[in-house]
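Proteins get letters first, then strands, A, B, ... in listed order; numbering begins at 1 in each.
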There are 2 protein chains.
Amino acid sequence: MTTIKDVAKLASVSISTVSRVLNNSGYTSEETKKKVFEAVENLNFRKNIVAAAMINKQTSTFGLIIPDIKNVFYADLTRAVEDAANQHGFNVILCNTDNDLKKEAEYISFLLQKGIDGIIFSTPEIKNRNIKEVIKSRPDLPIVILGSKVVGVQVDEVLVDNFEGAYNATIHLLELGHKKIGFIAGQPDSYATIERQKGYEAALEEYQLSLDLENIMLDEFKVGSGYNKGKEMLLRKNRPTAIFAGNDAIAVGVYKAARELDIQIPEELSIVGFDDSQYAEIVYPSLTTVRTPVLEMGEKAIEMGILLSKKNKKFKETITFQPELIVRSSTSELKVTKKD
Amino acid sequence: MTTIKDVAKLASVSISTVSRVLNNSGYTSEETKKKVFEAVENLNFRKNIVAAAMINKQTSTFGLIIPDIKNVFYADLTRAVEDAANQHGFNVILCNTDNDLKKEAEYISFLLQKGIDGIIFSTPEIKNRNIKEVIKSRPDLPIVILGSKVVGVQVDEVLVDNFEGAYNATIHLLELGHKKIGFIAGQPDSYATIERQKGYEAALEEYQLSLDLENIMLDEFKVGSGYNKGKEMLLRKNRPTAIFAGNDAIAVGVYKAARELDIQIPEELSIVGFDDSQYAEIVYPSLTTVRTPVLEMGEKAIEMGILLSKKNKKFKETITFQPELIVRSSTSELKVTKKD
DNA sequence: TTGAAAGCGCTAACAA
DNA sequence: TTGTTAGCGCTTTCAA
């Protein structure tokens, strides 16, 4: 392995000079700079980040904690985060927790031992004691929560306006004439679930429709949940004519349930999803959904993390992106049937 | 930050003793062991892996290089790799290259600087000079190629038997009576494409069907390619009655094309995919496909990588997993129509 | 503008 | 069985 020492010898300067030109710190004459760069070139030298990290405590690495990379939403988000990180000269260590707080705690501890420069948490639960604990034990560590909020912690956050998105989605269905609108979403303690439900309820209220609790089902943000809950909901005699799915995966599950029950989308059932993930264009008919700007959110999260690692910012900020309703083919006007 | 020094002081021993009990190396009496562990507990000490890495050159980190995590196949694979790594006490740094060799080279260089313990390459191209170069410059570095082969390099590989899978898929269609079978796959220089095409051709030959080059189209392993090429193929007067798609994403694209052309699956067109990704159960009708055992493959790759990093193995090995044909609802017997 | 030297937190001889 | 000490490769005072 070639070290700074070899470079110094070849360039006939001291190692501290080499360090100086490499880091562009302190004074160095143009001439020695040139000599050093030449030597670096000739030896194909790359500085050992591990050794440097011992001193400046920077590893150019972020930890990214998500539930599961197989979930397309997190895959998109991860890609955005990784790209942004890479552009800024950082790498990301991927951690899949399956929402298991114990597993998450172990990851955090490991990341800390490795001296990562910060952690991006993209974890759905509104109560996450792990984050609280890291902040207590390492108040200096850059932390950004991406796509969620955690109660009782002051930390930088990058969000999508879940309420607004859900409100718009529901209003869209209401405007099409639907009155019986189901809502199927994920874990009840998930920030997304909570906010999206609020938006759904606010829209109904705006149309002076009373809340039918049978029309609200919470499970998980997965295809299987959409299928199970969707089936349950669609099997009811007084079944809804539209369903607002808490995310696209749930919507896909509802599609499956509807197909099995021979319910036509959108003629007999309108569906709106959330996220505008790759599923939306794959299913037939293509899914009307609320677009979460994952790309921008991922970028922003990394930028905030890097900023935090460089400056010691004295305030916390919350950045909220606006979602956008993307109307495709899974929603249509309610056809007035005899019964109604 | 609490260091080994603090632990030593609290336990009233030397730092080398602390190091010894922590690493379970050398002799230490039960008594001092206990003292040390107590001190570690009390101080909530965790050793600094960066500092340790300077000496033992182990960072407990692997680099994983893939084209794109948004691609569900790689997401599944990545999850498998990450899980296995985590179980063995390793982390993985995710690198998305988009098959850009320059970008890949930069990632490699960066990973090397960080002293990663090895690299898992899951890159499709059969010609990858980057891998060749790493091997030359760092012959000691553990490298495993996952899911592909690269010509001209001796390196450990974990594969699925692409030929066998493609052969079985095609035989399945032939057994159903199909004679005009299209093949749509990804990049021509991708190992998967090459081997799967061989399997496809071998099956046709077995049934003494001559090759119709119009029935073979190569583009990318993406939904869009499946859609474009599928449409092109299905628009032909003498269109195939079955299509073997190089992977599930392509199959999904073909579904879309077929739907637009109002061609019923499987009544008028049978489709087989490859990978058995999450798409297979999402689409309607559910997709007959060849299962790639990503879980096992990811695990194996990490295990090989770790083994390589611990022992200096004198031989290279190639592990080939057998794929399995999963028959679902997208394939059916050819209905004999008047024309035939 | 440059070099010598201390030291980051740890491991691993070597000595005791 | 334990402690002393010399580094790992780098950055950063401090002197020159």
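- OP1 or OP2 of C:dG3 lies within a sub-4.0 Å distance of a side-chain N or O belonging to A:T17.
- Using a 4.0 Å heavy-atom criterion, one finds that B:V13 contacts the sugar-phosphate atoms exclusively.
- The phosphate of D:dT11 (OP1 or OP2) has a side-chain N or O of A:S19 nearer than 4.0 angstrom.
- A close approach under 4.0 Å does occur between a side-chain nitrogen or oxygen of A:N23 and OP1 or OP2 of D:dT11.
- Between the C1' atom of D:dC10 and the CE atom of B:M54 lies a distance of 7 Å, rounded to the nearest Å.
- The interatomic distance linking B:Y27 (OH) with D:dG3 (C1') rounds to 17 Å, in whole Å.
- A salt bridge does not link B:K102 with B:D100: none of the charged nitrogens is closer than 4.0 Å to a carboxylate oxygen.
- Side-chain atoms of A:T123 never come within 3.5 Å of backbone atoms of A:E125 as a donor-acceptor pair (strictly under, hydrogens ignored).
- Atom-to-atom, NZ of A:K5 to P of D:dG9 comes out at 8 Å; the value is rounded to the nearest Å.
- In this structure, the CD atom of B:E30 is 9 Å from the P atom of D:dT1, given to the nearest Å.
- Salt bridge annotation for B:D189-B:K127: absent, with no cationic side-chain nitrogen under 4.0 angstrom from a carboxylate oxygen.
- An OP1 or OP2 oxygen of D:dT1 is reached within less than 4.0 angstrom by no side-chain nitrogen or oxygen of B:T28.
- Listed pair B:S16 / C:dC10 fails the phosphate criterion, with no side-chain N or O lying under 4.0 Å from OP1 or OP2.
- You'll find that the side chain of B:S29 is closest to D:dT1, out of D:dT1, C:dA5, D:dG3.
- Side-chain nitrogen and oxygen atoms of A:N48 include none within less than 4.0 Å of the OP1 or OP2 phosphate oxygen of D:dC8.
- Computed from coordinates, the B:N24 CG to D:dT1 P distance equals 13 Å when rounded to whole Å.
- Contact annotation: A:K47 reaches the phosphate of D:dT11 (side-chain N/O to OP1 or OP2, under 4.0 Å).
- In this structure, A:T3 does not reach the D:dG9 phosphate: none of its side-chain N or O atoms is under 4.0 Å from OP1 or OP2.
- Residues A:D117 and A:K57 are not paired through a salt bridge, judged by the lack of any N-O separation under 4.0 Å between the basic side chain and the carboxylate.
- Taking atom CD on B:Q58 and atom C1' on D:dC8, their separation rounds to 14 Å, with Å as the unit.
- Between B:K57 and C:dT11 there is no side-chain polar atom (N or O) within less than 4.0 angstrom of OP1 or OP2.
- Counting to the nearest Å, the C1' atom of C:dG9 and the CG atom of B:N56 are 12 Å from each other.
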Exercise for review: Evaluate the side chain to side chain contact (heavy atoms under 4.5 Å, CB included) criterion for residues A:T78 and B:K70: first the C-alpha distance (whole Å), next the side-chain angles of each, then the deciding distance (0.1 Å), finally the verdict.
Suggested key: CA-CA 8 Å; A:T78 296; B:K70 287 188 291 183; over 6 Å; no
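- In this structure, the CE atom of B:M1 is 12 Å from the P atom of C:dC8, given to the nearest Å.
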